[in-house]
Amino acid sequence: MNAVIDRLRGLTVRDVMSRSVVWVTKLQHMADVATLLLKHELSTAPVVDENGRCVGMLSATDFLKRDSNASEWGNAAHRPRPAWTPDDVAATYMSSGVQAIAADATLL
């Protein structure tokens with residue numbers, strides 16, 4: 001067990017991070033985001049602004065929250081999924097307050 005902990009102490013964020021990131025824009029329609037996540041078999045993507053700066057994260061959970069907020073449909077197991085509207089863009093559903101960490105930071 002100590003060997004595993006020692007190995008983890010030696011790892012940095014760079015050692016475990018993804019380098020080919022699939023991102024979405026904050027004005028990208030949620031139907032397009034869903035298609036992109038499915039195509040790349042992802043559950044989360046960073047959301048970027050017009051300057052390419054990360055302003056949020058959009059995850060599968062955000063899609064579920066959107067569906068669960070449609071309380072007028074009654075029991076979640078038996079209600080139809082509401083149709084997407086033109087206003088349903090990534091910025092509306094994303095989690096903001098993203099925190100960054102340096103690539104050379106250690107994991108522990």
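In this text the structure is predicted, and so the values were computed from the model without any measurement.
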- Message: With heavy-atom distances below 4.5 Å as the criterion, would you say the side chains of T25 and E50 are in contact?
- Response: no
- Task: To the nearest 0.5 Å, tell me how far S43 OG sits from F63 CZ.
- Result: 11.0 Å
- Task: Start with the C-alpha distance between V21 and R19, add both sets of side-chain angles, then the distance that settles side chain to side chain contact (heavy atoms under 4.5 Å, CB included), and finish with yes or no.
- Result: CA-CA 6 Å; V21 177; R19 288 174 175 76; over 6 Å; no
- How many angstroms lie between atom CD of Q99 and atom SG of C54, to the nearest 0.5 angstrom? 11.5 Å
- Query: Under a single-linkage definition using a 4.5 Å side-chain heavy-atom cutoff for Ile, Leu, Val, Met, Phe, Trp and Tyr, are M17 and L11 assigned to the same hydrophobic cluster?
  - Reply: yes
- Note on the structure: So CG of L58 and NZ of K26: to nearest 0.5 Å the spacing works out to 14.0 Å
- Query: So, does N51 use its side chain to make a donor-acceptor pair with the main chain of R53 at under 3.5 Å?
  - Reply: no
- Task: Verify whether one side chain among T35 and D32 offers a donor that lies under 3.5 Å from an acceptor in the other.
- Result: no
- Verify, without hydrogens or angle tests, whether T106 (side chain) and L108 (backbone) share a donor-acceptor contact under 3.5 angstrom. yes
- Using the rule that two of Ile, Leu, Val, Met, Phe, Trp, Tyr join whenever any of their side-chain heavy atoms come within less than 4.5 Å, decide whether L27 and V98 are in one cluster. no
- Task: Examine Y93 and V89 and state if one hydrophobic cluster contains both, with Ile, Leu, Val, Met, Phe, Trp and Tyr joined whenever side-chain heavy atoms are less than 4.5 Å apart.
- Result: no
- Any donor-acceptor N/O pair, H29 side chain to A31 backbone, under 3.5 Å: yes
- Task: Report yes if some heavy atom in the side chain of D104 is under 4.5 Å from a heavy atom in the side chain of R14; otherwise report no.
- Result: yes
- From L42 CG over to L36 CG, what is the distance, rounded to the nearest 0.5 angstrom? 7.5 Å
- Could you check if a side-chain atom of V55 sits within less than 4.5 angstrom of a side-chain atom of S96, using non-hydrogen atoms only? no
- Message: Show, in sequence, the C-alpha distance, side-chain angles and deciding distance for V16 and L107, and conclude whether the side chain to side chain contact (heavy atoms under 4.5 Å, CB included) test is met.
- Response: CA-CA 9 Å; V16 297; L107 294 184; 3.9 Å; yes
- Task: Indicate the atoms forming the closest heavy-atom contact of T44 with M57, along with that distance.
- Result: CG2-CE, 3.2 Å
- Message: Please report the interatomic distance CG(N2) to CZ(R9), rounded to the nearest 0.5 Å.
- Response: 8.0 Å
- Query: side chain to side chain contact (heavy atoms under 4.5 Å, CB included) between K39 and V22: does it pass, once the steps are laid out?
  - Reply: CA-CA 11 Å; K39 176 183 174 185; V22 174; over 6 Å; no
- Distance in Å, M30 CE paired with D62 CG, rounded so as to fall on 0.5 Å steps: 6.5 Å
- Nearest heavy atoms of A90 and V24, plus distance in Å: CB-CG2, 4.3 Å
